[in-house]
Amino acid sequence: MDVDLYFIKQQFTLGAYPALLSLQLPDPSSSDYSPYSPLQENVALKAAAALAKGEQGLETLRDLCVEIEADQDSSDWEKQTVQVLAATAFVRAGEIEEALETLRTEGIPGDEEAALLTQVYLSLARPALAQKVLAPALKANPDALVLQLAEAAISLVTGSQGTSGEPYAPALSFYNEQVANPSISSPALLVGRAVVRILRGELSSAQSDLEEAESILSRAKCDQASSDMLAAMIVATGLSDAKKGEADQLWSRFLKQHPSHPLVADIAAKDLLFDQCASKIQVPPRACRCRLESIGISPSCVARSLLPV
């Protein structure tokens, strides 16, 4: 059972969601089913159920945080799990300060807490704080996958070189190692490595990773492509010598499948800002005349050229 739970956690951490969805629960009559039964009343499982409800579960998570903090019989694992699940929900709801307050702890944070704090600080453009949180946790447990993944995220943001001297080396090393693992089939890992390769200018290799990620999702019969995968495809296609219009087709697909993605909102905001700026620019007629005369063209000649033949 411990082996099964380790495998599930590994697959979840590394984004192998299609593989997890294919797992079958134990039959209620089998001997393997009993270890799951006590979890039905576990406060951590209640927190997981509340997280699955989105914003509707926020109040329940707040109550569970207060409840478990006051419960002297709860284990450290239960407290950390509830806090991480609650903070995850708060981040998704945009309640960043509440998430940070929930994760605040004395001493070295746990693996999951440190990893989530790292991601929060990176989202706030505070990579130095992210590194400060992650370093002691990684030193205490260097083999923790969730911490290694957070370290790769910092490398992606900062472009850190590691000991090799090559840009994004820590991130590329992590993704290469995990993608090579035969027991893991994760589109998220392939997308992560593709992003590293895009940043390093290795567009052909990046597109190969993205095609393989799409193939995994297709075999798993996922209705929608990964938002991160499509976003990376758009960038890689736009930077490469792809056929004209291919990036536009991907963008249309992206808009249809993920209209609320941050990239969509960012591009829409920039479009609006450009239109607003363009509407304020007016070229005075005198400036137009002076410009034409400066390059040897008579304005009267331009006017005559516009007349119908």
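Side chains included, hydrogens not; waters and symmetry mates left out as well; all remaining heavy atoms used.
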- Between atom CD1 of Ile184 and atom CG of Leu145, what is the distance when rounded to the nearest 0.5 Å? 7.0 Å
- Are Leu100 and Val91 connected, step by step, through hydrophobic side chains (Ile, Leu, Val, Met, Phe, Trp, Tyr) whose heavy atoms are closer than 4.5 Å? yes
- Query: Nearest 0.5 Å, what's the CD1-CZ distance between Ile234 and Arg253?
  - Reply: 9.5 Å
- Query: If we only count heavy atoms from C-beta on, is the Leu263 to Phe254 side-chain gap below 4.5 Å?
  - Reply: yes
- Ser160 to Pro170 - nearest heavy-atom pair and separation: O-CD, 3.3 Å
- Would you say the side-chain atoms of Glu78 pair up with the backbone N or O of Ser75, donor to acceptor, closer than 3.5 Å? yes
- Under 3.5 Å: donor-acceptor pair, side chain of Ser123, backbone of Val120: yes
- Taking Ser173 for its side chain and Ala169 for its backbone only, find out whether a donor-acceptor pair lies under 3.5 Å. no
- Can you name the nearest heavy-atom pair linking Ala16 to Ser185, along with the distance? CB-O, 3.8 Å
- Is Leu116 linked to Leu58 within one hydrophobic cluster, defined over Ile, Leu, Val, Met, Phe, Trp and Tyr using a side-chain heavy-atom separation of less than 4.5 Å? no
- Message: Ignoring hydrogens and geometry beyond distance, is a side-chain donor-acceptor pair present between Asn181 and Ser183 at under 3.5 Å?
- Response: yes
- When every non-hydrogen atom of Ala115 is compared with those of Leu147, the smallest separation belongs to N-CD2, 4.1 Å
- Roughly how far apart are Trp251 CH2 and Leu230 CG, rounded to 0.5 Å? 10.5 Å
- Message: Quick check: do Val264 and Pro259 have side-chain heavy atoms less than 4.5 Å from each other?
- Response: no
- Message: Before you tell me yes or no, could you show the steps for Arg62 and Glu95 under salt bridge (Lys or Arg N to Asp or Glu O under 4.0 Å), namely the whole-Å CA-CA distance, both residues' side-chain angles and the distance that decides it to 0.1 Å?
- Response: CA-CA 12 Å; Arg62 291 186 179 105; Glu95 303 291 344; 5.1 Å; no
- Item | Min side-chain heavy-atom separation Leu103-Pro109 under 4.5 Å | no
- Looking only at non-hydrogen atoms, find the nearest pair between Ala86 and Cys65 and report the distance. CB-SG, 3.5 Å
- Task: Working to the nearest 0.5 Å, report the span between CG of Leu203 and OG of Ser240.
- Result: 6.0 Å
- Could you check Tyr175 against Leu156 for side chain to side chain contact (heavy atoms under 4.5 Å, CB included), going step by step and ending with a plain yes or no? CA-CA 11 Å; Tyr175 286 116; Leu156 277 174; 4.3 Å; yes
- Query: Should the pair His258 and His261 be assigned to parallel (<30°), tilted (30 to 60°) or perpendicular (>60°) ring geometry?
  - Reply: perpendicular
- Heavy-atom side-chain contact between Tyr168 and Thr158 under 4.5 Å: no
- Give the cluster check for Val179 versus Ile216: same hydrophobic cluster or not, with ILVMFWY residues linked at side-chain heavy-atom distances below 4.5 Å. yes
- Query: Does Met233 reach the side chain of Gln207, with side-chain heavy atoms less than 4.5 Å apart?
  - Reply: no
- Message: Check whether Asn176 reaches the backbone of Leu172 with its side chain - one donor and one acceptor, N or O, closer than 3.5 Å.
- Response: yes
- Message: Using a 3.5 Å distance criterion without hydrogens, assess whether the side chain of Gln148 forms a donor-acceptor pair with backbone atoms of Pro142.
- Response: yes
- Item | In one Ile/Leu/Val/Met/Phe/Trp/Tyr side-chain cluster, 4.5 Å: Leu124, Val133 | yes
- Query: Could you give the distance from CD (Gln119) to CG (Leu134), rounded to the nearest 0.5 Å?
  - Reply: 9.5 Å
- Message: If you compare all heavy atoms of Leu85 against all heavy atoms of Ala44, which two are closest, and at what distance to 0.1 Å?
- Response: CD1-O, 3.6 Å
- What heavy-atom pair brings Arg219 and Ser215 nearest, and what distance separates the two atoms? NH1-OG, 2.7 Å
- Message: In the structure I gave you, are the side-chain heavy atoms of Glu211 and Glu214 within less than 4.5 Å of one another anywhere?
- Response: no
- Message: Under the side chain to side chain contact (heavy atoms under 4.5 Å, CB included) test against Val235, which residue among Leu199, Ile198, Val195 passes?
- Response: Ile198
- Query: Just wondering, do Leu217 and Ser226 contact through their side chains at under 4.5 Å, heavy atoms?
  - Reply: yes
- Message: For a 4.5 angstrom cut-off between non-hydrogen side-chain atoms, does Trp77 reach Val82?
- Response: no
- Message: I'd like to know if Arg193 and Glu202 make a salt bridge, using a cut-off of under 4.0 Å between side-chain N and carboxylate O.
- Response: no
- Please say which of Val84, Thr81, Thr102 ends up in a side chain to side chain contact (heavy atoms under 4.5 Å, CB included) with Glu113. Val84
- Message: Any side-chain to backbone donor/acceptor pair from Thr118 onto Ala150? Under 3.5 Å, distance only.
- Response: no
- Item | Atom pair CD/OG1 of Gln83 and Thr105 - distance to nearest 0.5 Å | 7.0 Å
- Residue list, side-chain hydrogen bond (donor to acceptor under 3.5 Å, both in side chains) with Arg197, at least two apart or on another chain: Asp209
- Message: Do Ile96 and Leu129 sit in one hydrophobic cluster, given that two such residues count as connected whenever their side-chain heavy atoms are within less than 4.5 Å of each other, even indirectly?
- Response: yes
- Basic-acidic side-chain contact under 4.0 Å: Glu98, Arg92: no
- Query: Judged by atom type as modelled, is there a donor-acceptor pair below 3.5 Å linking the side chain of Ser155 to the main-chain atoms of Glu151?
  - Reply: no
- Could you walk me through whether Gln11 and Phe7 pass side chain to side chain contact (heavy atoms under 4.5 Å, CB included), step by step? CA-CA 6 Å; Gln11 299 286 311; Phe7 174 78; 3.3 Å; yes
